Amino acid sequence: MADIRPFSAYRPAPGLESRIAALPYDVYSREEAVKAVAENPDSFLGIDRAETGFGPEVDTYAEEVYQRAAKLLRERIREGKFRKEEHPCYYLYELIMEGRSQTGIVACASIDDYCSQVIKKHENTRAEKELDRIRHVDVCNMQTGPIFLAYRSDAVLREIIQETKTSEPVYDFVSEDGIGHRVWVIGDADRVERIRGRFGEMDAVYIADGHHRCASAVKVGLMRREAAGAYTGEEEFNYFLSVLFPDEELRIMDYNRVVRDLNGYDRETFLEKISEAFQVRESGKNAVHPDKKGVFGMYLDGTWYQITAKPHILSEDAVEGLDVSLLQNHLLGPVLGIADPKTDKRIDFVGGIRGLGELEQRVHRDMAVAFSLYPTSIGELFAVADAGRLMPPKSTWFEPKLRSGLFLHDLEQA
């Protein structure tokens, strides 16, 4: 059963929330991060990406970078820019994008649930990508970026969320990208008990986004256990910062592909090769945004095509039946020679938030062909995780992105 518990968050002082809240650290290049922090020194990005306080001669992963992050964080707490909740609470975090709202419960999830697969994943992680956040969390002694978890919609939790949202939020602002953010505090004992009890009846919750941040947080907790020798399981390092959303409110966007060359084929031979597994129909200048599973858009030589998977390649298997798998297994791999999309430098991935125009621009600039996909559904994500399977890389793109800096989890709080 899922152990999802309340905690005493450090939160921005009233009036600073819009300046402090920042997009996740990994959506920025170093140059973009430096520019963003220069424009807004209060941005939490200055802590999440503390190399922004050094010149380019200092490596992003140098020890002094992590020490600077910890120093800045403690300074801002001392200055009163962050304040700690007096008692353990849950929080509601609502994001509004283009009129669509999703509301998550901010809480701490158990590292034991991750290890026992009550918290289920759908992606593998890479050790080299975990090391940075392991070091950041460990040196700062604070978890600063929440893990995006999902649960199957629940009537009791829905009622509590609706009740809470009838009161005034403690934060209510619109970020520069037009996303609305609202936060409520749930501190009364009855609602806290009902929330914890309800999650305690769930046999699974799911990582939607943030697999590397989650794995890093868990590894820090396990390191702290080993260092402590004896522990009760109640210590804060046994839990990690999360926001849990009901599946019915989540939106997964398409995650599209661009490939640098046609693997030695000319245009006509390439079209002939892919027609073995896909029906190919020319669409001219009309961009193809697939409207159902099994349908793909393809942009080649200034022309859009609709390509549809033929019946013989379709599958009911949780992984093999995904559109990302159909494209990989029957076109990108056998025709274009992309054997391992995780490591092949000839392929790149474009989040759906950038639109199909970005695919056209990439083909005009540095790629030969682009593919637009129908988005993976949250139901497909759950099915893969429930089967103990993994999705191909870059299968899901979630929007809107959770902000860092609105909730901090102290690993040694009393």
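All values derive from a computational prediction rather than experimental measurement.
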Answer with yes or no whether the side chains of E94 and H181 bring together a donor and an acceptor at under 3.5 Å. no

Taking the side chain as every heavy atom from C-beta outward, state whether K81 and D42 have any atom pair closer than 4.5 Å. yes

Quick check for you: to the nearest 0.5 Å, what is the distance between Y374 atom OH and D291 atom CG? 7.5 Å

Pairwise distance CG(D410) to CG(N141) - rounded to 0.5 angstrom: 6.0 Å

Listing request: all salt bridge (Lys or Arg N to Asp or Glu O under 4.0 Å) pairs with a residue in residues 207-225, at least two apart in sequence or in separate chains. D26-R213, D112-R225, E130-K219, D138-R224, D209-K401, R224-E412

Do any N or O atoms from the side chain of D344 and from the backbone of D340 form a donor-acceptor pair under 3.5 angstrom? no

Pairwise side-chain contact, T144 with F44, heavy-atom cut-off 4.5 Å (strictly under): yes

Between R76 and E79, does at least one N-O distance fall below 4.0 Å, as a salt bridge requires? no

State whether the number of non-hydrogen atoms from other residues, nucleotides or ligands found under 6.0 Å of E316 atom CD is greater than 12. no

Is the closest basic N to carboxylate O distance between R196 and E201 below 4.0 Å? no

Is any side-chain heavy atom of L92 closer than 4.5 Å to one of V183? no

Is there side-chain contact between Y305 and L300, with heavy atoms separated by less than 4.5 Å? yes

Is there a donor-acceptor pair under 3.5 Å between the side chain of Q143 and the backbone N or O of Y239? yes

Taking atom CD of E32 as the centre, does the number of heavy atoms from other residues, nucleotides or ligands within less than 6.0 Å exceed 12? yes

Any ion pair linking D366 and R362 (charged N to carboxylate O, less than 4.0 Å)? yes

Charged N-O contact under 4.0 Å between E249 and R158: no

Would you call R194-E163 a salt bridge at under 4.0 Å N-O? yes

What orientation do F382 and Y206 show, parallel under 30°, tilted 30 to 60°, or perpendicular over 60°? parallel

H211/F148 under ring pair (Phe, Tyr, Trp, His ring centres under 6.0 Å): CA gap, chis, key distance, verdict: CA-CA 9 Å; H211 282 77; F148 187 155; over 10 Å; no

Could you name each residue pair satisfying salt bridge (Lys or Arg N to Asp or Glu O under 4.0 Å) that touches residues 318-330, not counting sequence neighbours? K293-D323

R5 vs F199 side-chain heavy atoms within contact, under 4.5 Å: no

E168 and W184: side-chain donor and acceptor closer than 3.5 Å? no

Short side-chain to backbone donor-acceptor contact, R346 and L336, under 3.5 Å: yes

Lys/Arg-Asp/Glu bridge criterion (N-O < 4.0 Å) met for E31, K35: no

Say whether, by atom type as modelled, one donor and one acceptor occur between the side chain of S372 and the main chain of V288 under 3.5 angstrom. yes

Describe, in one word, how the ring planes of Y231 and F237 are oriented to each other, choosing from parallel (under 30°), tilted (30 to 60°) and perpendicular (over 60°). perpendicular

Basic-acidic side-chain contact under 4.0 Å: D348, R260: no

Check ion pair D113-K120 (N to O, under 4.0 angstrom): no

Think R257 forms a cation-pi with F349, using NZ or CZ under 6.0 Å from the six-ring centre and within 45 degrees of its axis? no

Do other residues, nucleotides or ligands put more than 12 heavy atoms under 6.0 Å from E86 CD? no

To the nearest 0.5 angstrom, please state how far the CD1 atom of I119 sits from the NZ atom of K121. 12.0 Å

Short question: side chain of E17, backbone of P14 - any donor-acceptor pair under 3.5 Å? no

Among Y93, F7, Y10, whose ring-ring contact (aromatic ring centres under 6.0 Å, His included) with F407 holds? Y93

Would you mind reporting whether R19 and N40 have side-chain heavy atoms less than 4.5 Å apart? yes

For the side chain of E39 and the backbone of V37, is there at least one donor-acceptor N/O pair under 3.5 Å apart? no

No-hydrogen, no-angle side-chain donor-acceptor test under 3.5 Å, Y91 and R11: no

With the threshold set at 4.0 Å, does a side-chain nitrogen-carboxylate oxygen contact exist between E399 and R251? no

Check this for me: K165, atom NZ, are more than 12 non-hydrogen atoms of other residues, nucleotides or ligands nearer than 6.0 Å? yes

Give a yes or no on whether a salt bridge exists between E64 and R68, defined as a side-chain N under 4.0 angstrom from a carboxylate O. no

A side-chain contact here means heavy atoms from C-beta on lying under 4.5 Å apart; do V384 and L322 qualify? yes

E193 atom CD, over 12 foreign heavy atoms within 6.0 Å: no

R49 with E51: basic N within carboxylate O range, under 4.0 Å: yes

Output, in order, the C-alpha distance, side-chain angles, deciding distance and verdict of side-chain contact (heavy atoms from CB on, under 4.5 Å) for L73 and L408. CA-CA 10 Å; L73 181 53; L408 311 180; 3.8 Å; yes

Less than 4.0 angstrom from a charged side-chain N to a carboxylate O is my criterion; do E248 and R152 meet it? no

Mind running side-chain hydrogen bond (donor to acceptor under 3.5 Å, both in side chains) on S175 and R403 for me, showing each step along the way? CA-CA 10 Å; S175 50; R403 265 36 179 194; 3.2 Å; yes

Is it true that the NZ or CZ of R182 lies under 6.0 Å from the centre of F173's six-membered ring and within 45 degrees of the ring axis? no

Is there a donor-acceptor pair under 3.5 Å between the side chain of K285 and the backbone N or O of G302? yes

Quick check: are there more than 12 heavy atoms from other residues, nucleotides or ligands sitting under 6.0 Å from CD of E226? no

Is any side-chain heavy atom of M97 less than 4.5 Å from a side-chain heavy atom of I353? yes

For the CD atom on E63, are there more than 12 heavy atoms of other groups (residues, nucleotides or ligands in this structure) within a distance under 6.0 Å? yes

Using modelled atom types and a 3.5 Å cut-off, is there a donor and acceptor pairing between side-chain atoms of S242 and backbone atoms of F240? yes

Check whether more than 12 heavy atoms from other residues, nucleotides or ligands sit under 6.0 Å from atom CZ of R281, and answer yes or no. no

Could you verify whether a donor N or O on one side chain and an acceptor N or O on the other, from H136 and Y61, lie under 3.5 Å apart? no

Is the side chain of T376 donor-acceptor paired with the backbone N or O of S395 at a distance under 3.5 Å, no angle test? yes

